[in-house]
Colleague: 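Dropping the structure in here first, questions after.
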Amino acid sequence: MAVSTWPDISHLSVSRPELINVLRQMGQQVKWPQMMKAPDSFRNPSFWCDFHRDLGHKIEDCVALKIKFNELLWKGHLREFLSEKAKSHLRKETMGKPTEAAPVSPPRQDRVIHVISGSLEISGISHSAAKKSTWNAKHDLEAAKPKRLLLGADEISFTAKEQEKVLTPHHDALVISLTVANCLVKRILVDNGSSGNIIFQAAYKDLGLKEGALTRRINPLIGFSWEVKQTAGEVTLPVYAEGVNMSTKFLVVDCDSSYNMILEWPWIHGMGAVPLTLHQMVKFPTPWGIKAIRGDQEYSRSCYQTTLKGKTMVF
């Protein structure tokens, strides 16, 4: 968008000297202009421009400051210093464009990794805290406020057209690929039936993480037949999904699996996500609209067949 379409710099709720102080506090985000190159005969020695740090014109008349201000507005900065009139003008100019935040840029991917639980904590809270929460719910007591508010106000829905890309009929699990700790990790099962995110030991090693990144905390995992498997520890990793980079705690499990990771309630709830196996898709809200990640049915069926052959442990 051309600079001329943005609010004029005269519509500010702060003075020019105050604006210059704000720009100084922004550090390297602001590129300051060089001293004016105009001959002395074209300058007024009575006027000082604090933006150019030179004599020649009033700061109120500085074109370079106006251009820099509008450039920073375009990047999402300084909007709190606009007058109400200018804010209204800005909303009209940017109608239909997200202004709350910009999506996080995709992290680099250093490598590609191709290759059912309970624990001492449920969705990030201890069993004693979970028991107290259940008691409060039964007695209609006010619940604690969530740590992370859902972003965006758009409604999450699934359409018949989206289902056209799905191989049907099917009973496939939802298996996706995500960037985790700067690695493209495939064969990630999205499962809303368990209480802890899982990363299997082989995938943990393939991520190239140092042993010191693992917190040696042992948790019992209980399977369908009440088999108990002890975790090797915990690790918190950045999980990138369509502009959102969320730190996610995983339980590290040392056993064979056809999956690399399993994303459970903590990640699903933290993202405000809605997974739907029928449409082979998970959707979640962001400040710039509803985003979606499609499942990979080929990987899903491959993992299922491997499990049926008895080559992996199911618990």
Colleague: Can you list the steps and then say if Asp50 with Arg24 is a salt bridge (Lys or Arg N to Asp or Glu O under 4.0 Å)?
Modeller: CA-CA 11 Å; Asp50 208 12; Arg24 288 195 180 107; 3.3 Å; yes
Colleague: Give the cluster check for Ile59 versus Phe69: same hydrophobic cluster or not, with ILVMFWY residues linked at side-chain heavy-atom distances below 4.5 Å.
Modeller: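 Yes, it is one cluster - the side chains of Ile59 and Phe69 are joined through contacts under 4.5 Å.
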Colleague: Measuring from atom NZ of Lys68 to atom CG of Leu23, what distance do you get when rounded to the nearest 0.5 angstrom?
Modeller: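 Spacing of NZ (Lys68) from CG (Leu23) equals 9.0 Å.
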Colleague: Is it the case that the side chain of Gln280 and the backbone of Thr277 share a donor-acceptor pair, with hydrogens and angles ignored and the cut-off at 3.5 Å?
Modeller: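 Flag set: sc Gln280 to bb Thr277 pair under 3.5 Å.
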Colleague: So is Lys186 actually on top of Tyr299's ring, under 6.0 Å and inside 45° of the axis?
Modeller: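 That pair does not qualify as a cation-pi contact.
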Colleague: Indicate, with yes or no, if Leu209 and Leu214 share a hydrophobic cluster defined by side-chain heavy-atom contacts under 4.5 Å among Ile, Leu, Val, Met, Phe, Trp and Tyr.
Modeller: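 Yes, it is one cluster - the side chains of Leu214 and Leu209 are joined through contacts under 4.5 Å.
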Colleague: Minimum heavy-atom separation for Ala64 and His52, please, with both atom names.
Modeller: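 Minimum heavy-atom contact is CB-CE1, 3.6 Å.
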Colleague: Would you name the heavy atoms of Trp288 and Lys291 that are closest together and state the gap between them?
Modeller: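 Of all heavy-atom pairs spanning Trp288 and Lys291, the closest is CD1-CE, 3.1 Å.
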Colleague: How many angstroms lie between atom OG1 of Thr231 and atom CD of Gln201, to the nearest 0.5 angstrom?
Modeller: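 Going from OG1 on Thr231 over to CD on Gln201, the span is 10.5 Å.
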Colleague: For the residue pair Gln109 / Thr179, report whether a side-chain donor-acceptor contact shorter than 3.5 Å exists.
Modeller: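 On atom types as modelled, these side chains qualify, holding a pair under 3.5 Å.
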Colleague: Under 3.5 Å, is there a donor-acceptor pair linking the side chains of Gln297 and Asp172?
Modeller: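 Indeed, the side chains of Gln297 and Asp172 share at least one donor-acceptor pair under 3.5 Å.
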Colleague: Please say yes or no: joined through hydrophobic side-chain contacts below 4.5 Å, possibly via intermediate residues, are Leu278 and Met281 part of one cluster?
Modeller: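 Yes, Leu278 and Met281 fall within the same hydrophobic cluster.
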Colleague: Using side-chain heavy atoms (C-beta onward) and a distance below 4.5 Å, is Pro275 in contact with Ile268?
Modeller: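 A side-chain contact exists here, since the closest heavy-atom pair is under 4.5 Å.
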Colleague: Show your reasoning for whether side chain to side chain contact (heavy atoms under 4.5 Å, CB included) applies to Glu162 and Lys283.
Modeller: CA-CA 12 Å; Glu162 290 172 333; Lys283 292 188 176 184; 2.7 Å; yes
Colleague: Determine whether a donor-acceptor pair (N or O, by modelled atom type, separation under 3.5 Å) exists between the side chain of Ser257 and the backbone of Tyr259.
Modeller: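 Yes, the answer is positive, given that a donor and an acceptor are paired below the 3.5 Å cut-off.
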Colleague: Could you walk me through whether Thr306 and Arg301 pass the side chain to side chain contact (heavy atoms under 4.5 Å, CB included) test, one step at a time?
Modeller: CA-CA 9 Å; Thr306 302; Arg301 295 177 183 185; over 6 Å; no
Colleague: Report yes if the side chains of Val239 and Asn245 come closer than 4.5 Å at any heavy-atom pair, otherwise no.
Modeller: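 No; the side chains remain at least 4.5 Å from each other.
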Colleague: Looking at side-chain heavy atoms only, is the closest gap between Phe250 and Thr236 below 4.5 Å?
Modeller: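 No; the side chains remain at least 4.5 Å from each other.
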Colleague: Evaluate side chain to side chain contact (heavy atoms under 4.5 Å, CB included) for Leu72 paired with Val30, printing each intermediate quantity in order.
Modeller: CA-CA 8 Å; Leu72 292 170; Val30 179; 4.1 Å; yes
Colleague: Count I, L, V, M, F, W, Y as connected when their side-chain heavy atoms are under 4.5 Å apart, and connections chain through other members. Are Phe200 and Val112 then in the same cluster?
Modeller: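 No, because Phe200 and Val112 fall into different hydrophobic clusters, even though each may have its own neighbours under 4.5 Å.
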Colleague: Less than 4.5 Å apart, side chain to side chain, heavy atoms only: is that true for Leu65 and Ile20?
Modeller: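 The answer is yes; the side chains approach within 4.5 Å.
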Colleague: Find the distance between SG (Cys49) and CG (Asp54) and round it off to the nearest 0.5 Å.
Modeller: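 One gets 8.5 Å once the value is rounded to the nearest 0.5 Å.
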Colleague: Is there side-chain contact between Met261 and Ile198, with at least one heavy-atom pair below 4.5 Å?
Modeller: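 Sidechains of Ile198 and Met261: no contact.
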Colleague: With rounding to the nearest 0.5 angstrom, report the OG to CD1 distance, Ser300 to Ile176.
Modeller: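 That separation rounds to 11.5 Å.
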Colleague: Count the heavy atoms belonging to other residues, nucleotides or ligands that lie under 6.0 Å from CD of Gln230, then report whether that count exceeds 12.
Modeller: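 More than 12 within 6.0 Å, yes.
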Colleague: Taking all heavy atoms of Met271 and all of Ala241, pick out the closest pair and write down the distance.
Modeller: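 Shortest heavy-atom separation between Met271 and Ala241 comes out as CE-CB, 4.1 Å.
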Colleague: If the plane angle is over 60° it's perpendicular, under 30° parallel, otherwise tilted; pick one for Trp32 and Phe51.
Modeller: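 Tilted.
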Colleague: Within the structure provided, determine whether Pro285 and Ile156 are in side-chain contact (heavy-atom separation under 4.5 Å).
Modeller: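 In short, these two side chains touch, coming nearer than 4.5 Å.
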Colleague: Taking the side chain as every heavy atom from C-beta outward, state whether Ser247 and Leu237 have any pair of such atoms under 4.5 Å apart.
Modeller: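 Ser247 does not reach Leu237 side chain to side chain.
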Colleague: Do Ile290 and Phe158 land in one hydrophobic cluster if side-chain heavy atoms of ILVMFWY residues count as linked below 4.5 Å?
Modeller: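 Yes, Ile290 connects to Phe158 through the hydrophobic network.
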Colleague: Nearest 0.5 Å, please: how far is CD in Gln163 from CG in Leu276?
Modeller: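 Rounded to the nearest 0.5 Å, the CG-CD separation comes out at 8.0 Å.
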Colleague: Look at the side chain of Thr286 and the backbone N and O of Gly289, then say whether any donor-acceptor pair between them is shorter than 3.5 Å.
Modeller: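 Yes, because the side chain of Thr286 sits within donor-acceptor range (under 3.5 Å) of the backbone of Gly289.
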Colleague: Would you sort out whether Ile199 and Val235 count as a side chain to side chain contact (heavy atoms under 4.5 Å, CB included), showing the intermediate values?
Modeller: CA-CA 9 Å; Ile199 179 171; Val235 65; 4.3 Å; yes
Colleague: Which pair of non-hydrogen atoms, one from Asn197 and one from Pro266, has the smallest distance, and what is that distance?
Modeller: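 Heavy atoms only, the tightest pair is ND2-CB, 3.5 Å.
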Colleague: Shortest non-hydrogen contact from Trp48 to Arg53?
Modeller: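 In this case the closest contact between Trp48 and Arg53 is CH2-C, 3.1 Å.
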Colleague: Atom CD1 of Ile293 and atom CG of Leu178: how far apart are they, to the nearest 0.5 Å?
Modeller: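 One finds 4.5 Å between CD1 of Ile293 and CG of Leu178.
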Colleague: Compare every heavy atom of Arg187 with every heavy atom of Val175, then report the nearest pair and how far apart it is.
Modeller: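 Scanning both residues completely, I find the closest heavy atoms to be CG1-CA, 3.6 Å.
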